[in-house]
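No hydrogens, no waters, no symmetry mates; every other heavy atom, side chains included, goes into these values. Just so you know, residue 1 is the first one in the sequence shown, and it goes up from there.
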Amino acid sequence: MTTPQPPVAKKVPTERTRHGDTFIDNYEWLREKENPEVVEHLKAENAYAAAMTADQEQLRGEIFNEIKNRTEETDLSVPARKKGWWYYTRTEEGKQYAIHCRTAAQDTGDLDADWTPPAVVPGVAVPGEQILVDGNAEAEGKPFFSLGGLAVTEDGNLLAYSEDNAGDERFTLRIKDLRTGELLPDVISNVFYSLAFSPDGNRVFYTVVDDSWRPYQVKAHTLGTPVEDDVVIYQEDDIAMWTGFDLSPDRRQLLIGISSSEYSEYRVLDFDDPTDTVRTLIPRSERILYEAEPLTLDGTRHYLLTHNRNALNSMLSLVAEDEFSKPLADQHWQTVIAHDDTVRVNGAAVTRSHVLVSVRKDTTERVQILPVEGLGTPAQGVPVEPAFDEELYTANLANAEFDSPIVRLSYTSFLTPPRVYDYVLATGELELRKETPVKGGYRSEDYVAEREWATAADGTRIPLSVIRRADLQKDGSNPALVYAYGSYEMSMDPGFNIARLSLLDRGVVYVVAHIRGGGEMGRAWYDDGKKLNKKNTFTDFVDATDWVAASGWADPDRIAAMGGSAGGLLMGAIANLAPEKYRAIVAQVPFVDALTTILDPDLPLSALEWEEWGNPITDPEVYRYMKEYSPYENIRAVDYPQIAAVTSFNDTRVLYVEPAKWVAQLRETSTGSEPIVLKIEMDGGHGGASGRYEAWKDRAWDYAFILSALGARELLPAARTEDAA
């Protein structure tokens, strides 16, 4: 039987010279997306990947079926109340997309009755249900479907929604009259995610991206007028700043947030101002990273600021609106939550009666609640934190309507499927509304999630989350998968994942490495893994792998690694740093040609990346440092492990050309014989193909590749018994 031969990309040498350094790039020509030769090469890569993984097809089918059989395919979210309606989504067996619905609420004066969501049972029709958007109907006949924003007018009569049919995150906005089901003639192309109606329902606000995919304009469309007459409410011309907006909780203002990861600026528009004047709170020149949440206390407008002014981990302050007219040094800020070196304050939301604060403590995210009464004064109440009984969990604020007597919290852990709680503000009572069902006999007690710590070369302790079956023996024989992200202060928080059970039930020890560059240990943890500290992210992952190899849980020769996007950059870096430590690496939409991308400010989102990596265009030290770790430039003549690069042709965040070039160069340079494959979704975006079944197939492909490499294709006997039961 002949072994399939990988496609060989032709070489077209391209010189790149910066800061006196010249790099010869033989595969830059693969960037020519419209070139038929490029498309043919990518198709050949898909054919090679299919041939090299053909023996995994049955395993992929098994994993897909395990995911499907554990998932309640016909399911409903817990309805959330907004004004006179309960809004919810539901899924149906055999259908790819969610159906967005609502049913009328009642106002009897009995708070408990009026704010208890209607009981919804899978497969049972909800009385008075009105379908807002059926993703399945919208997606019919289209190669790709993704819903962007959804917004309903305050009176509940009109719906604005946006959809993407290419995977490039440029959406088309439509407006539906919910009283008649008819679409209005207003259709707006090329909008981004944010959507909101003005309180009177006459205008819809949306964002627009520039040529580099950066949201830079906030526009307002007046219903019934030509789209070309839409008004630019605000335009941000700094190519390193990202723009978004929201409505204030009391619907009195439009809040425009302009930010980088290092400083920000808020501008506000009062809806009762006929001139649409946009006012600045704290200008970006003060270099403060902050978020602003308006509230009215004793008739005076205030802003609750989550900010890093003299507070690395951020803190919460209350500022009266007229203070912003003074120089910063003269402003009076009242402390609501003081800075703490061990607690990261992530943000705050307000209702009429309470403030809800998201904090990260002991690596986990949780919610603290305190009354508005006495806020910022000695009479301020003590924050209350709903208590949960697991060590590793994630608790988030899911919904808080301004006039609601309850707030909605979401809860999950590595072992507990997502739960929805309602927290009664007046009493502190926590009411469980739903736990996502997991079929197939899942029992949380069959698994263990533990916190362990690896030690980096510089002595830093790196938190690890180790998830495994409870009946696994600590005999050094088990396969292991190490996963991480490690950028943008993004934390890999505890969360339940049905697909992951297919790994655990085959004996895989699943390790999440909370490496520097993420946010798990506060702002300093992020700062220690960005710009000229970025290499810490990569060495932390290798040190975490060494812990796994020496832990007694894993066979050092059966360890795989996986990461996506910036975590894909991580995969490329560790493949160069320590290829011998991994049996296989899966790099999902990997940012492996980082230096080339960031050197070109015209490429999508490149300028926004300078705050994360530094600016190699203007700074020779940043250029030198990035060139030392950028995966594509550092491929060397060593035996690389099995590698799968998984990407999408229409991805706008990490262009397909990066993994395409990387794979071509790896094959040319590697001295080993292990297969290196590129799988490219020709109709997908950054998240892969659209639809839940397609997403399950993608996950099954990745996991089958890993399990095959680790020699862990078979379910453990105990897992087979449980599955049969």
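- With salt bridges taken as basic N to acidic carboxylate O contacts below 4.0 Å, one links Arg516 and Asp458.
- For the pair Ser146 (side chain) and Asp164 (backbone), a donor-acceptor distance under 3.5 Å is absent.
- At least one donor-acceptor pair under 3.5 Å links the side chain of Thr53 to the backbone N or O of Ala49.
- Using a 4.5 Å cut-off on side-chain heavy atoms (C-beta onward), Tyr693 and Lys95 make no contact.
- The backbone N or O of Pro494 sits less than 3.5 Å from a side-chain atom of Thr394, completing a donor-acceptor pair.
- The backbone N or O of Thr416 lies less than 3.5 Å from a partner atom in the side chain of Thr412, making a donor-acceptor pair.
- For the atom pair CH2 of Trp662 and CZ of Phe591, the computed distance is 14.0 Å after rounding to the nearest 0.5 Å.
- Salt bridge status for Lys661 with Asp25: present, with a side-chain N to carboxylate O gap under 4.0 Å.
- The ring-ring contact (aromatic ring centres under 6.0 Å, His included) analysis of residues 532-563, with sequence neighbours excluded, yields the pairs Phe538-Tyr629.
- Between the side chains of Thr537 and Lys534, at least one donor N or O lies within less than 3.5 Å of an accepting N or O.
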| field | Test side-chain hydrogen bond (donor to acceptor under 3.5 Å, both in side chains) applied to Tyr656 and Ser648, step by step | value | CA-CA 6 Å; Tyr656 74 87; Ser648 295; over 6 Å; no

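- Residues Glu612 and Lys531 are not paired through a salt bridge, judged by the lack of any N-O separation under 4.0 Å between the basic side chain and the carboxylate.
- Between Phe414 and Tyr510, the ring center distance fails the sub-6.0 Å criterion.
- The one candidate from Glu32, Arg31, Lys33 that meets the side-chain hydrogen bond (donor to acceptor under 3.5 Å, both in side chains) condition with Asn35 is Glu32.
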I would like to know whether Tyr27 and Tyr632 meet ring pair (Phe, Tyr, Trp, His ring centres under 6.0 Å); could you show each step before the answer?
CA-CA 11 Å; Tyr27 300 113; Tyr632 183 57; 7.2 Å; no

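- Judged by distance alone, with hydrogens and angles left aside, the side-chain atoms of Asn536 form a donor-acceptor pair with the main-chain N or O of Asp528 at under 3.5 Å.
- Atom CD of Glu674 has more than 12 heavy atoms from other residues, nucleotides or ligands within 6.0 Å.
- Using a 4.0 Å cut-off between charged side-chain N and carboxylate O, Asp446 and Arg443 make a salt bridge.
- Side-chain atoms of Thr671 come within 3.5 Å of backbone atoms of Asp639 as a donor-acceptor pair (strictly under, hydrogens ignored).
- At a threshold of 4.0 Å, the pair Asp505-Arg469 counts as salt-bridged, since one of the basic side-chain nitrogens sits closer than that to a carboxylate oxygen.
- Under a 3.5 Å cut-off, the side chain of Glu452 and the backbone N or O of Glu450 do not form any donor-acceptor pair.
- Between the side chains of Thr363 and Glu520, no donor-acceptor pair of N or O atoms lies under 3.5 Å.
- Salt bridge present: Lys535 and Glu628 bring a charged side-chain N and a carboxylate O closer than 4.0 Å.
- Of the possible polar contacts, none joining the His41 side chain to the Val8 backbone as a donor-acceptor pair under 3.5 Å is found.
- Under the 4.5 Å side-chain criterion, counting only non-hydrogen atoms from C-beta, Trp696 is not in contact with Ile63.
- Side-chain N or O atoms of Asn165 include none that pairs as donor or acceptor with a backbone N or O of Pro143 at under 3.5 Å.
- Geometrically, Lys530 does not engage Trp613 in a cation-pi contact defined by less than 6.0 Å to the ring centre and at most 45° from the axis.
- In this structure, Glu580 places its CD atom where more than 12 heavy-atom neighbours from other residues, nucleotides or ligands lie under 6.0 Å away.
- Rounded to the nearest 0.5 Å, atoms CG (Leu707) and OG (Ser502) are 8.0 Å apart.
- The pair Asp540-Arg461 does not count as a salt bridge, with every side-chain nitrogen at least 4.0 angstrom from each carboxylate oxygen.
- Between Lys10 and Glu37 a salt bridge is recorded (basic side-chain N to carboxylate O distance below 4.0 Å).
- Between Tyr703 atom OH and Met562 atom CE the span is 4.5 Å, to the nearest 0.5 Å.
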- request: Given salt bridge (charged side-chain N to carboxylate O under 4.0 Å, His left out), test Glu668 with Lys11 step by step and report yes or no.
  value: CA-CA 11 Å; Glu668 180 190 342; Lys11 294 183 180 181; 2.7 Å; yes

Can you check side-chain hydrogen bond (donor to acceptor under 3.5 Å, both in side chains) on Asp475 and Ser477, steps first, answer last?
CA-CA 6 Å; Asp475 58 7; Ser477 69; 2.6 Å; yes

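- Ion pairing between a basic and an acidic side chain is recognised when a charged N comes within 4.0 Å of a carboxylate O; Arg16 and Glu633 show such pairing.
- Evaluated for a side-chain contact (heavy atoms from CB on, under 4.5 Å) with Gln665, the options Val592, Ile635, Ile676, Asp593 yield exactly one hit, Ile635.
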Passes salt bridge (charged side-chain N to carboxylate O under 4.0 Å, His left out), Arg60 versus Asp55? Steps please.
CA-CA 10 Å; Arg60 290 196 290 265; Asp55 67 317; over 6 Å; no

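- The residues Glu45 and Arg667 are annotated as salt-bridged, a charged nitrogen and a carboxylate oxygen being separated by less than 4.0 angstrom.
- The closest side-chain donor-acceptor pair between Gln588 and Asp702 falls under 3.5 angstrom.
- Salt bridge present: Glu62 and Arg506 bring a charged side-chain N and a carboxylate O closer than 4.0 Å.
- Ring-centre distance between Phe171 and Tyr193: below the 6.0 Å cut-off.
- Smallest separation of non-hydrogen atoms from Ala484 and Leu570: CB-CD2, 3.7 Å.
- Within 6.0 Å of CD in Glu57 there are 12 or fewer heavy atoms belonging to other residues, nucleotides or ligands.
- Judged purely by atom type and a 3.5 angstrom limit, Ser670 uses its side chain to pair as donor or acceptor with the backbone of Gly672.
- Once rounded to the nearest 0.5 Å, the distance linking CG of Leu710 with CD1 of Ile559 reads 9.0 Å.
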